[in-house]
Each structure stands twice: as structure tokens, then as C-alpha cells.
Amino acid sequence: MKFAKNILETIGNTPLVKINKITSELDCLVLAKVETFNPGNSVKDRMAVKMIEDAEADGRLQPGGTIIEGTSGNTGMGLALGAIVKGYKLICVITDKQSKEKMDILRAVGAKVIVCPTDVEPEDPRSYYSVSKRLGTEIPNSWYVNQYDNPSNAIAHYEQTAPEIWEQTDGKITHFVVGVGTGGTISGVAKYLKERNPAVKIWGVDTYGSVFKKYHETGIFDENEIYSYITEGIGEDILPKNVDFSVIDGFTKVTDKDAAVFTRRLALEEGIFVGNSAGAAIKGVLQLKEHFKPEDVVVVLFHDSGSRYVGKMFNDDWMRERGFLDEEVTKASDLIKSHSDKPLVIVRTEELVSHAIERLKKYNISQIPVIDTTGFVGSIDESDLFKSYFSDKNIAEKPIKEIMGKPYPIVQENTPIEEVSKLISKDNQAVLVEMANKKYHIITKHDIISSIN
Ligand SMILES: Cc1ncc(COP(=O)(O)O)c(C=O)c1O
């Protein structure tokens, strides 16, 4: 019989798969190390279990203890598998930028999840770095993993990921391209490959909003470069100890839009359903085109699975809201795609102003058309509402007809976008569009801005 003694034994030995279509403009062989095949669906299973085992070995982690980590989800999943098999509790501290799916998955494997704000400095007591560190000192018999600075992270890739790549390519690998977060993957793999063949070139994929590329090129840690971005798993606003800049030959930065678009293309054109950092990594390979010769063997690593991003990069509305879908926007009906499935929110002339306020809050909107039995007869705009409120504090109990503004102009679904945008001005905040099925939708300034890529 051939079976694994537990799920941890199935980690590693992931396949190397040729990329055929997306990289057709390159003459060299491009091979992807697809880490989704690990039991926790990411490369992070490898380092998570290695970190646990090293901590057990030197007594940092004691029987029945609590493992604490600040994790964007994948390391948490790997730690959860280790915790289940080895009998530990797990607390994952995560930022609110992470997808809901990631949080639900962590809870499904028994982790307690604590969510912290993304837009705070790393030193801020609310940041996920600070919260995880603090819990590590407060909770008895606990161990704070710290994947950023924990050397076992990179060692796992030195011991497992890199030898697999070396063997699978028969030692012919010439370039390794990978997204960089904690730096564990790139540094561990790079050290091993360069020991085998110092000519192997190592490229890191970075994000806009992260400090790695500039730091590598100039030695300057530029705080002005730090801003929040969308790509998940890669880029940092700190310099983790696991990033060994001395074994990295260069970085290339990939935009949020490109990372998202290429994540979708990997699924659609190669049948490889992987995560957002894989999209960034394959786009990074294309950006590095001039560094590759026809006889080169380029290996790119895909960290995790697409299933963790179904509500994001694989969701048309999410992509459209961020201007990531290259759709042609020429007419009125193109402007309402993100809300055309939802009914128009309206108020009636005889309703009270408090009802309109309630609806503005409930639907998080700024304008509402007003109707009576004859059709659209007015409009309520939040800024007019503020003005009216400050001249009469009892406004909430008045009927809407007493404070409503002019009705919004109505256009047809084929009206060109240029005409629609001319109708929106300081005095007129929205336009209504009448669809062929006689239903109406609202077009606001926000819809017009979102359509600009
Ligand atoms: C999806 C994803 N991509 C890329 C990375 C970066 O890998 P590393 O931390 O080894 O640099 C991570 C890890 O944080 C990740 O979860």
C-alpha cells in the first residue's frame, strides 16, 4: 500500500509546467513551478511546517502551545495544517485588505482570525505586525512565528523548493523569477541555485507601493514609495530579514492592473488557476524579455491558488470598479454595468426627508431621484440636503417635495458618453438612463470617473 501517514507528508514535489501561450513572444522555455498542488494550496505549506519543526526542536514551541502569526492567509493555512496534525492552537492576525475567502478558509481549518487595519504604519500598535508581536508576549505558552525574520522560512525553500527545481530542470535552469513578500522563497531558492551554478540569474517581482526594487538598486529605503496597493502576497513596507538582497540580481515592478489581468489570463489561456501574485510573476517574466536568450530555461513560481481570489480578480464587477477591464465605454448603458442588475433606488414626493436620508445611508449613495404618479419629478442630493438641514434642523420630518431639486435629465441607453458627461455639472449631479426594457438606472459622476482607465 502507498499512502501518506498524514497530510503534512504530501507537501512538496509539485509539478513544473510549460507555459505555452502567454509567453509566446519569448523564444526561451518558460516553466512554472505550480505550488497550488500543496495540500494547503500554496508554497507556504513548506516553510510553515519547517518553522514549526525547527521551533519544536529548540523548545520555542512547547506541547499544547499556541502558535501566533501575522499572515495574509497562505502561511496561516500551512501553519493550520501543522497545528492540526501536531496538536497546537493557532491565532492568525490578518489585515483587512485580505480577501474574505482567505479569512473563511483559515477559520475552516480551526484558526482564530484577528483582523487589523492595512493603512497604518508597521510600528502603529494597531498594525498586524504589532498585534501579533504583542499577543506573543501576552498569551502563556505561545510562540510568535514571525515569518518575516524567521530563518527557517528561507531554509525550507533552500532544502525543498530549490532542489526540486534543480532536478526537474536537469540543472539547466538559467533564470528564476518570483514574487517577493517575506523573501523566504526567493532567498532560499536563490542561495541553492547559485551554489549549484553561480550563473543562474534571480529576479524578484515587486509591486508599486513597495520598497524592494529601489532599496536593491540604491540602498535607499524610501518611505515616499509606500502606499497601499491591491496585489496580494508581494511587496512590503518593511525590509524583512528573509530578503537576502545579495543573492537577488534585480527586481521588476508590476502594476496592480497587470497583475490582475494576467492572473485571469493564466486561467483562461493556460488552464492554470492560480493566485494574484502568479499573475504578477508571469507579467514580470514578460517585462524581463530582453534578459533572456533563446536557449534559456526560465522558471517562474506560482505561489497559491485562484480559488482564494474568486471574489476579486476573477469577478467582473470587482475588476470593472477598479478600471481593470479593458471594456469599450462608448454609450450610456456601458456606464451602468456595475449596478445594472440592481433596481433604481427612488423616493416619493410625499415621503419624509428622513426616509431619503435612511436610503442614502443604507445604499451608500449620494443622489436619489424623486417620483410621483406622473413619473420623475425631482431629485434629492446629499449636498443640497446638508444645506437645507443647516437652515432648518427639523427638515427630517418634512415631506420630500418641499426640499427636492430639479428632476435629473433622461437619456436613452445608446446616448454617447460625451453627451451624458456634458449633462453632469455642479447644478446637476446625475442622469437617468431609460433602457430598452423601460427600466431606469442612474448615472453619477462616480460612474463616469470609473469608466476612465
Ligand atoms: C500569494 C503569495 N504570493 C507571494 C508571496 C511571497 O512569498 P515570500 O513570502 O516567500 O517572499 C506570498 C507570501 O507572503 C504569498 O502568500
Side-chain angles (χ1 to χ4, degrees), residues 32-36 38 40-48 50-51 69-80 92-95 97-99 101-103 105-106 128-129 132 145-162 176-192 202-207 210-212 216 229-245 247-248 251 254 256 259-260 262-263 266 273-284 300-309 312-313:
K33 182 81 169 149
V34 187
E35 290 292 312
T36 315
N38 284 302
N41 299 124
S42 96
V43 73
K44 295 282 184 157
D45 290 354
R46 299 172 184 268
M47 50 72 99
K50 173 75 182 161
M51 291 190 297
E69 181 58 329
T71 168
S72 64
N74 288 318
T75 303
M77 184 63 170
L79 289 170
C92 290
V93 186
I94 192 164
T95 64
K97 185 175 99 170
Q98 306 308 320
S99 54
E101 291 93 327
K102 279 186 175 177
M103 301 179 198
I105 290 167
L106 285 175
Y128 87 118
Y129 305 107
S132 6
V145 181
N146 189 8
Q147 58 173 328
Y148 294 94
D149 301 333
N150 187 327
S152 308
N153 173 1
I155 294 170
H157 298 290
Y158 177 85
E159 290 177 351
Q160 302 168 32
T161 323
F176 180 61
V177 182
V178 66
V180 183
T182 67
T185 315
I186 196 165
S187 306
V189 172
K191 183 167 184 286
Y192 181 94
I202 307 294
W203 283 94
V205 176
D206 195 13
T207 53
S210 155
V211 296
F212 290 143
H216 182 255
Y229 51 86
I230 292 168
T231 307
E232 288 188 38
I234 61 176
E236 289 298 342
D237 51 4
I238 53 166
L239 294 174
K241 288 208 181 89
N242 270 311
V243 187
D244 178 356
F245 287 95
V247 290
I248 300 170
F251 280 91
V254 174
D256 286 336
F262 276 80
T263 305
L266 278 169
F273 185 51
V274 280
N276 188 206
S277 65
I282 198 68
K283 179 61 167 53
V300 55
L301 186 139
F302 295 160
H303 274 84
D304 69 346
S305 159
S307 59
R308 290 178 190 176
Y309 306 86
K312 293 190 157 189
M313 294 78 200

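Ligands are counted one by one from 1 in listed order, and the atoms in each one are counted from 1 as well.
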Pull out every atom of ligand 1 sitting under 4.0 Å from any heavy atom of [X], numbered as shown with elements.
X: T182; result: 8 (P), 9 (O), 10 (O), 11 (O)
X: G183; result: 8 (P), 9 (O), 11 (O)
X: Y309; result: 1 (C)
X: D304; result: 1 (C)
X: S277; result: 1 (C), 2 (C), 3 (N), 4 (C)
X: T185; result: 7 (O), 8 (P), 10 (O)
X: I234; result: 4 (C)
X: V180; result: 11 (O)

Look only at the side chain of [X] and the backbone of [Y], and say whether a donor-acceptor pair between them is shorter than 3.5 Å.
X: N153; Y: M47; value: no
X: N150; Y: V145; value: yes
X: D256; Y: Y229; value: no

field: Ring geometry between Y148 and Y128 (parallel below 30°, tilted from 30 to 60°, perpendicular above 60°)
entry: perpendicular

message: Hydrogens and angles aside, do T75 and Q147 bring a side-chain donor and acceptor to less than 3.5 Å of each other?
response: yes

- request: Tell me yes or no: between the side chains of K50 and Q160, is some donor less than 3.5 Å from an acceptor?
  value: no

- prompt: Hey, looking at atom 6 (C) of ligand 1, which of S187, G233, G184 has the closest heavy atom?
  reply: G233

statement: From the list T182, D304, T71, side chain to side chain contact (heavy atoms under 4.5 Å, CB included) partner of K44 resolves to T182

- prompt: Short N/O distance, under 3.5 Å, between K44 and ligand 1?
  reply: yes

message: I want to know if ligand 1 touches H303 in the polar sense, i.e. an N/O pair below 3.5 angstrom.
response: yes

message: Nearest 0.5 angstrom please: Y158 OH to D244 CG, how far?
response: 12.5 Å

